[in-house]
Amino acid sequence: MEERQKKGGSLVFAVNGERFELPCIDPSTTLLQFLRSQTCFKSPKLGCGEGGCGACVVLVSKYDPKLKKVEDFSVSSCLTLLCSLNGCSITTSEGLGNTRDGFHSIHERFAGFHASQCGFCTPGMCMSLFSALVNADKGNNPDSPPGFSKLTSSEAEKAIAGNLCRCTGYRPIADACKSFAADIDIEDLGFNSFWKKGDSKEMKVSKLPPYDPTKNLSTYPMFLKSEFATILDSSRYPWFSPVSIEELRSFLYSNVTENGASFKLIVGNTGTGYYKETQRYDHYIDLRHVPELSIIKRDQTGIEVGATVTISTFISFLKEESKINVGSYGKLVSDKLAYQMEKIASPFVRNSASVGGNLVMAQKNGFPSDIATLFLGLCATVSLITGHGLEKLTWEELLSRPPLDSRTVLLTVSIPFKKDQNSKFLFETYRAAPRPYGNALAYINAAFQADVSLCQNSFRINNIRLAFGAYGTKYATRAKKVEEYLTGKMLNVHILYEALKLIKLEVVPEDGTLHPEYRSSLAVSYVFEFLYPFTDAHSVISGGLLNGINDNSVEEVFKSSKDGCIIQGRKQTLLSSAKQVMESSTEYYPVGEPMKKVGAAMQAAGEAVYVDDIPSPPNCLHGAFIYSTKPLAGVKGIQLKSNQLTDGVTEVITSKDIPSGGENVGVITMFDPEPLFADDLVRCVGDRIAIVVADSQRSADVAARTALVEYDTENIDSPILTVEDAVEKSSFIQIPPFLYPKQVGDFSKGMAEADHKILSAEVRLGSEYYFYMETQTALAIPDEDNCMVVYTSSQCPESAQHVIATCLGVPEHNIRVITRRVGGGFGGKAIRSMPISTACALAAYKLRRPVRIYVNRNSDMIMTGGRHPMKVTYSVGFKSSGKITALHLDLLINSGISDDVSPMLPLNVIKALKKYDWGALSFDVKLCKTNLTSKSAMRAPGEVQGSYIAEAIIEHVSSSLSMEVDSVRNKNVHTFESLNLVYDNIVSVGEYTLPSIMDKLAVSSSFFQRSKMIEQFNQKSTWKKRGISRVPIVYEATQQPKPGKVSILQDGSIVVEVGGIEIGQGLWTKVKQITAYSLGLIESSWAKELVEKIRVIQADTLSIVQGGYTAGSTTSESSCEAVRLCCNVLVERLRPLKKKLQEQNVSVDWPTLIRQAQLESVNLAANSYYVPESDSTSYLNFGAAVSEVEIDILTGETTILQSDIIYDCGQSLNPAVDMGQIEGAFVQGIGFFMNEEYLTNEEGLMVSNSTWTYKIPTIDTIPRNFNVHVVNSGHHEKRVLSSKASGEPPLLLAASVHCAARAAVKAAREQLKQWDKLNGSVSEFYLDVPAILPVVKTQCGLDYVEKYLETLLAQKSN
């Protein structure tokens, strides 16, 4: 063995064609760590470290010497171990194209389809697509037309199904990807910068950046083939690659392992995305070179798959047409397995993850595996290598054994096929998860197998096997009592009903499982779905309960069970075409042009520099936070665990390290400050206790994660965790009088006028996490004279400067804070970024060395807080007509431990709530101070809750009156007079566009016609119900003062600085346009040329001051106005010079003018500070949305069929940018209302703190048909070039999806009432936010199936 290993070589691989040879390397190093720390390639980003976001995706190319071909596949570089890539080539997004050499058509199309906003996720998206293109063009699909790939539209969408984006809403990304697809109708692609209205199809194709698959760059350089090696030298690397079972066994039972050395078996290493590693192993054993572990074959007897076969390889194999006739059952099993396994993780994880690794995680750790359940349902057997030799047993037997020891190796898995005979074999798979396409753990999964035969017009169950998993038990299990009960029985409704009762008793989640009743209910749904088509129910269907199955043969029933009323739409359809309508203006050209975002192609190529992309200076250290897991406790001490991964720890920084003259402060706002570190008492979960500083980010993270904090809870009060606790203990944050909203009218009088009253009804809203793709990060570099340069991802660098200076006790001019761009903010990089940059600066100050912090995703989610949870109790009076006369709210806002921006929340909530005319409006608002992380501003803070509360009240009123909710909404929409009464006369005549928007939307979305069609659909459909809703918004935006600076350089190029930060909202693009327009006033024909001469540069607190916060959706327009003021000054200086030159008959162009200005010493730099006039600081935004959804009553899954939005942008500064903001905000709102479950434990600690447990929207959860109309409402005298905000208001419109889901649930409850099976009211129920699957199914009725069968049985007995 030793002799053989010595023959091994060095670790050799290529990155973007560049050769790397590493004589030695820590074998636990991931590809991402290497790329980001040892190369210049920074396009793969660290978004989660779990394989759950796609930001780090790269292409791996591997040469197969036997087949003499290159295999290309995408991987998560954050999980892939570098030593596993020996002889491989890696391609990153920079390798496809770049600024100097030219961009790849993928980059250009992402930019042209406006598919990149903050840009942090874009390189990973591009690589997921590139991988799909490379493989499609090598595949057997029909040849594609010129300019297109062999990729299909469906494949293009699925390629990015595992990639997360928080900015765009995915629609433009999907269009950019589908623009390569051979089967795309070019007319179905959305708005882009390539073609113009009226272009023919041929013209459109010709204008797309060209794609020629035959000229694809070589992903595998020739030099790697000549030095191809698979085995590393184990004397230099603790990485052992056995090539036979004998070698593997000899190592496992050698002296090395006998002496207690730790070792790890490796295939794809994807398990570390779920089970975080906090130790380094002595030896790594790569199993991929053992032939017996990589076999894969299929014949008449079944399938055999080796443990190291990747999930993707297995899926591809199952999809291939078998050369041997495997029978109908073999084909059925192959198809179902492939279909179900495509929902596991995402393509870039499946490409590395092995079948065996997944099963071993299930057996050893209780991982909620889909494959474990599938194989249990298929009677799979396994082969193991143990200390006693080869052992064969069933998968079920292995599951029942104790966890495998580290020396036992899973060899192969075999799935037996059944021989075709007179009876019919059935096999079906099921899973319910937060995302339909996968990349989400299931609430439950199931695999059912049955043998049925037709006897005297009924079906007999000869044999049945029912396997369930992931429902809250450690292992997948079989429902054996149900199997025994059903075996041998003639299936009818009564037998099925009794079997379902048994299922509920057998499939019982363990204590502590989330949504246990829902999971048991799903098990019932799935058994019902599997067996119902074979009951005798068709004989009673004439009663009108179900339009169903009346076929008599097994084959026909079997077929109809796939096409009938129960199983509808099992296969996901594509996103439909979407319409984007923009009413742009040329009045202020190039302002108003739908220009593509500045730097979008550069972002796609991965060349845009974010804070963590800045190369580490020499001697740089890395920090990670130790935070509290207790809500209120004393801190006795911190103890760091010692292991190989924490060897590089240098220091632990606490409040005691704050220098003399400095203050323990981490946040300063206009309200009370917040400490940087807890002293002797932690006051909330996630409270910062210390930072560990180490020589690598990984060492710091592991040290912080494994640190033991000794708490003392004696003589400490019980923590305040809920708003009720806060009220009981009078724990409140003060609301300054000037921020307390004004009441409207006389509540008592309004209630007296009411015909009906609802008293003390309740609405609760939870929190939401920002999920910016780039987590909190900072880099602090000590400078001369006690100064410091801090790079931070912040929406307010100026505040970071102030806090750092205060903490260190130095003047602010000693602290220079620089922010170039932010990889997503949404409010979370405003206040909550301050402690990160301050802690980083403190560590650098103390240690006199550069320090950087990149907060890992799990810690970021726990420490950063998020949206404010609320409890609302309301009483409302209303007329029989639906007109509301009075509303009173008792509003309890959970602010967490510190003020942050919470005192501003009451005003925001009430302003958004006032979108309806309530008659009289009174309220009592309390900000509850609790021992939770500080809640902070998050996109539309308070407004999204206020707008939703208004809708919940309108829904409640309509329910109690049994009126159409849309008519109640219309009854209470403001008149122009009532609007100005409650919004203090800020709307001018002609500016109130909401009524016309509502009317336009009703027509463009066919709202009333579709409402009738939905009513008819719901009458006919038993298991799917639809709902539709139209929701208006009124959003008050407030402009802030902003600085600007414009400098014209010698060659005529222009540098612009603004106080606002580019966070993906297109600020730089709009600023560039308005600079060109404003300077172009010297000569209008120069404007187009000037656009290309302008560069907007990073924010620097020592260069431009009073930058303020980038927040509130108005930063772009205020920054634009500041720049316009600068340009006006420059124009005034240059106009006389131009006139003078013209009088001298000199031909004047821009470069000539600037050269002359230089010669005549004209000041070519101008500063300004734009302060809005007091009467134009605030204004109203209007919009409306119609959304239609379909719910699956069996699972609770909600599909958004269509959303139509009309939004008034005033006169848009850039309609393409505003369109992106509207779509992105709306989809983020869908996340809040429908997807994002923010879970905490009994002590308030966030436990859904990973991509595994917190689910933001993905491409498969957005509206299938998504239509947006950006209205140009003409001149608005007091606005910046008549423009209005677009960043936050559209998020409120996503409430239309929730309201539509409520309407669908109501239809399900109406059906129960028809069956006389409804407990409670049809319409008076509360649908929680977010309306995740368990919430929807619970309100439909967890026992819906049983009630349906009871109705059938009752009808049968009559």
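- Contact of the Ile897 side chain with the Ser934 side chain is registered, since non-hydrogen atoms from C-beta on lie closer than 4.5 Å.
- With contacts defined as side-chain heavy-atom distances shorter than 4.5 Å, the pair Met773/Leu164 qualifies.
- Between the side chain of Arg1030 and the backbone N or O of Met998 there is at least one donor-acceptor pair closer than 3.5 Å.
- Results of the side chain to side chain donor-acceptor pair (under 3.5 Å) test with Arg939 over Gln1228, Glu768, Glu1288 single out Gln1228 as the only residue that passes.
- Side-chain rings of Tyr948 and Phe1232 stay apart, their centers remaining 6.0 Å or farther from each other.
- No option in Tyr1344, Tyr430, Trp1023 other than Trp1023 meets the ring pair (Phe, Tyr, Trp, His ring centres under 6.0 Å) test with Phe528.
- Here the straight-line distance linking atom SG of Cys165 with atom CD1 of Ile1262 works out to 10.0 Å at 0.5 Å rounding.
- Heavy-atom contacts from other residues, nucleotides or ligands closer than 6.0 Å to CD of Glu1015 number 12 or fewer.
- Judged by a 6.0 Å distance limit and a 45° cone about the ring axis, Arg1026 is positioned over the six-membered ring of Phe1017.
- Between the Ser520 side chain and the Glu517 main chain, no donor and acceptor come within less than 3.5 Å of each other.
- Within the 3.5 Å criterion, the main-chain N or O of Ser1321 finds a donor-acceptor partner in the side chain of Arg1309.
- Here the side chain of Arg1302 pairs no donor or acceptor atom with the backbone of Gly1027 at under 3.5 angstrom.
- Smallest separation of non-hydrogen atoms from Val723 and Ile893: CG1-C, 4.2 Å.
- A donor-acceptor contact shorter than 3.5 Å links the side chain of Ser959 to the backbone of Glu955.
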Apply the test side chain to side chain contact (heavy atoms under 4.5 Å, CB included) to residues Lys1337 and Thr1195: give CA-CA distance (whole Å), side-chain angles for both, the deciding distance (0.1 Å), then the verdict. CA-CA 6 Å; Lys1337 185 163 170 57; Thr1195 63; 5.6 Å; no
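- Here the closest non-hydrogen pair linking Pro1330 and Asn1235 is CB-N, 3.7 Å.
- Not a single donor-acceptor pair under 3.5 Å links the side chain of Thr473 to the backbone N or O of Gly469.
- For the atom pair Ser936 OG and Arg832 CZ, the distance stands at 5.5 Å (nearest 0.5 Å).
- Checked against side chain to side chain contact (heavy atoms under 4.5 Å, CB included), Asn1181 has the following partners two or more places apart in sequence or in another chain: Tyr1035, Ala1037, Tyr1179, Tyr1207, Lys1284, Ala1285, Pro1289.
- At a threshold of 4.5 Å between non-hydrogen side-chain atoms, the residues Val1297 and Phe1226 count as touching.
- Here the OG1 atom belonging to Thr1240 is positioned 11.5 Å from the CG atom belonging to Asn1249, to the nearest 0.5 angstrom.
- Atom NZ of Lys1313 has 12 or fewer heavy atoms from other residues, nucleotides or ligands within 6.0 Å.
- Proximity of the aromatic rings of Trp918 and Tyr874 is defined here by a centroid distance below 6.0 angstrom, and this criterion is not met.
- More than 12 heavy atoms of other shown residues, nucleotides or ligands fall within 6.0 angstrom of atom CG in Asn1241.
- A donor and an acceptor atom, one from each side chain of Glu1188 and Asn1265, are nowhere located under 3.5 Å apart.
- Atom-to-atom distance recorded for Lys1025:NZ and Ile1014:CD1 is 12.5 Å, nearest 0.5 angstrom.
- Looking at heavy atoms from C-beta onward, Ile1256 lies out of side-chain contact with Tyr769 at the 4.5 angstrom threshold.
- With hydrogens and angles disregarded, a donor-acceptor distance shorter than 3.5 Å links the side chain of Lys1255 to the backbone of Thr1251.
- Remark: the backbone N or O of Ser521 is not paired with any side-chain donor or acceptor of Lys504 at under 3.5 angstrom.
- Using a 4.5 Å heavy-atom cutoff, the side chains of Val965 and Cys1299 are not in contact.
- Checked for salt-bridge contact, Glu1350 and Lys1317 meet the test: a charged N lies under 4.0 Å from a carboxylate O.
- With no hydrogens or angles considered, a side-chain donor-acceptor pair links Thr722 and Asp725 at under 3.5 Å.
- Counted by atom type alone, Ser875 and His888 present zero donor-acceptor pairs between their side chains at under 3.5 Å.
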Check step by step if side chain to side chain contact (heavy atoms under 4.5 Å, CB included) holds for Val909 and Val872. CA-CA 11 Å; Val909 172; Val872 187; over 6 Å; no
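- Side-chain atoms of Leu961 and Phe878, non-hydrogen and from C-beta on, do get closer than 4.5 Å to each other.
- In this structure, the side chain of Thr930 does not engage the main chain of Asn894 through any donor-acceptor pair within 3.5 Å.
- Atoms CG and CD1, from Leu905 and Ile735 in turn, are 9.5 Å apart once rounded to the nearest 0.5 Å.
- Remark: the backbone N or O of Gly882 is not paired with any side-chain donor or acceptor of Lys971 at under 3.5 angstrom.
- Relative ring orientation between Tyr772 and Tyr770 is described as parallel, the plane-to-plane angle staying below 30° on a 0-90° scale split at 30° and 60°.
- The pair Arg431-Asp370 meets the salt-bridge criterion, since a charged nitrogen lies less than 4.0 angstrom from a carboxylate oxygen.
- Atom OG in Ser1203 sits 10.5 Å away from atom CD in Glu1223 (nearest 0.5 Å).
- Under the salt bridge (Lys or Arg N to Asp or Glu O under 4.0 Å) criterion, Glu724 pairs with Arg764, Lys871, sequence neighbours left out.
- Using a cut-off of 4.0 Å between Lys/Arg side-chain N and Asp/Glu carboxylate O, Glu951 and Arg969 are scored as salt-bridged.
- Salt bridge annotation for Asp1260-Arg435: absent, with no cationic side-chain nitrogen under 4.0 angstrom from a carboxylate oxygen.
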